[in-house]
Amino acid sequence: MADAKQEKVAAGLSKLLADTYAVYLKTHGYHWNVRGPNFSSLHSLFMTHYTEMWGAIDVIAERIRALGALAPQGYAAFGKLSDIKDGDPAKSAEAMLKELLADHEALIASAKAAREDADDVTAAVIDDRIDAHQKHAWMIRATLG
């Protein structure tokens, strides 16, 4: 790795990767387990969100590698880096949405923290993540009413 600044950025991206993976897993699980009168629309909404995040996971990991660091891998490594809690499949649809909204807001904060000292290419990757999570949060807020 070239310098301490890049190490700091790679560490921020590693947290963002772990948080993204955790929210991806939770969203996918809620896609399977959501119940109630809005099942179909929520099932589809969750699929749209987890599919988008799945593609982003690889982009973030590859940016970490481009900076010269190793991307974290595995549940233990992600668990040490992420503050996102596992989902509870027994939650109501509304509770799932509220939890995912908080998670997307946490992802936005992780992304903004990772952006400090980032080079232009890394900043562009992070800005894409901020945009995506702001859009996911907006859709969830609109669904909650």
Side-chain angles (χ1 to χ4, degrees), residues 1-34 38 41-145:
M1 186 163 299
D3 60 27
K5 199 184 321 187
Q6 277 188 303
E7 288 179 20
K8 179 183 173 195
V9 172
L13 285 174
S14 292
K15 176 166 178 34
L16 180 59
L17 177 64
D19 286 347
T20 303
Y21 199 82
V23 177
Y24 159 79
L25 285 172
K26 184 186 294 187
T27 305
H28 206 152
Y30 284 171
H31 163 81
W32 296 326
N33 291 301
V34 69
N38 296 321
S41 62
L42 292 177
H43 186 74
S44 293
L45 177 69
F46 294 158
M47 185 168 78
T48 298
H49 289 187
Y50 78 69
T51 301
E52 187 280 327
M53 284 185 280
W54 179 251
I57 288 167
D58 198 53
V59 172
I60 297 166
E62 289 179 356
R63 191 67 207 147
I64 293 166
R65 294 296 296 132
L67 291 173
L70 295 174
Q73 67 180 62
Y75 296 116
F78 288 154
K80 289 177 186 174
L81 291 168
S82 180
D83 298 319
I84 304 292
K85 302 297 179 214
D86 287 343
D88 178 356
K91 285 188 176 200
S92 69
E94 182 177 0
M96 289 176 179
L97 286 164
K98 287 179 179 178
E99 186 176 26
L100 288 171
L101 176 58
D103 291 341
H104 284 290
E105 289 170 350
L107 276 164
I108 292 165
S110 291
K112 287 180 177 180
R115 197 179 190 291
E116 188 178 318
D117 293 326
D119 62 271
D120 291 345
V121 175
T122 303
V125 168
I126 293 168
D127 289 346
D128 286 348
R129 298 314 314 139
I130 292 169
D131 181 51
H133 293 295
Q134 286 176 339
K135 184 175 181 179
H136 295 328
W138 158 63
M139 288 182 170
I140 292 171
R141 268 195 231 77
T143 301
L144 284 166

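Only this structure's heavy atoms are used, side chains among them; waters, hydrogens and symmetry mates stay out.
- Within a 6.0 Å radius of NZ in K91, more than 12 heavy atoms belonging to other residues, nucleotides or ligands are found.
- One finds the NE2 atom of H49 at 14.5 Å from the OH atom of Y24 (value rounded to the nearest 0.5 Å).
- Judged as a salt bridge (charged side-chain N to carboxylate O under 4.0 Å, His left out), the pairs with a partner in residues 43-52 (not counting sequence neighbours) are, in order, E52-R129.
- Listed by chain and number, the residues in a side chain to side chain donor-acceptor pair (under 3.5 Å) with H104 are H133 (sequence neighbours excluded).
- Residues meeting the side chain to side chain donor-acceptor pair (under 3.5 Å) test with Y21, sequence neighbours left out: none.
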For residues 138-145, run the donor-acceptor check on the side chains, cut-off 3.5 Å, and write out each pair with its distance to 0.1 Å, sequence neighbours left out.
unit_1, atom_1, unit_2, atom_2, d
R141, NH1, A137, O, 3.3
T143, OG1, M139, O, 2.8

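- Annotation: the span from L42 atom CG to N33 atom CG amounts to 13.0 Å, rounded to 0.5 Å.
- Closest approach of I126 to A111, counting heavy atoms only: CG2-O, 3.1 Å.
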Donor-acceptor pairs under 3.5 Å, side chain of residues 64-87 to any protein atom, not counting sequence neighbours: which ones?
unit_1, atom_1, unit_2, atom_2, d
R65, NH1, A69, O, 2.7
S82, OG, D19, OD1, 2.6
S82, OG, I84, N, 3.0

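- Side chain of D3 to main chain of Q6: a donor-acceptor pair is present (N/O by atom type, distance under 3.5 Å, no hydrogens or angles).
- In this structure, the separation between CZ on R115 and CG on D127 is 4.0 Å, given to the nearest 0.5 Å.
- Within the model, atoms CG of D58 and OG1 of T20 stand 12.5 Å from one another, a figure rounded to the nearest 0.5 Å.
- Side-chain atoms of Y50 and H31, non-hydrogen and from C-beta on, do get closer than 4.5 Å to each other.
- Listed for the T48 side chain is a donor-acceptor partner under 3.5 Å among the backbone atoms of S44.
- Between F46 and T27, the shortest heavy-atom contact is O-CG2, 3.4 Å.
- Using a 4.5 Å heavy-atom cutoff, the side chains of D128 and D131 are not in contact.
- A salt bridge (charged side-chain N to carboxylate O under 4.0 Å, His left out) check over residues 116-125, counting only residues at least two apart or in different chains, returns the pairs K8-E116, K8-D117, R63-D119.
- Across L107 and V23, no two heavy atoms sit closer than the pair CD1-CG2, 3.6 Å.
- Listed here is the closest heavy atom pair of P89 and M96: O-CE, 3.7 Å.
- Two residues are said to be in side-chain contact when any heavy atoms from C-beta on lie closer than 4.5 Å; H28 and M53 fail this criterion.
- Atom CD of E62 is separated from atom CG of L17 by 11.0 Å, given to the nearest 0.5 angstrom.
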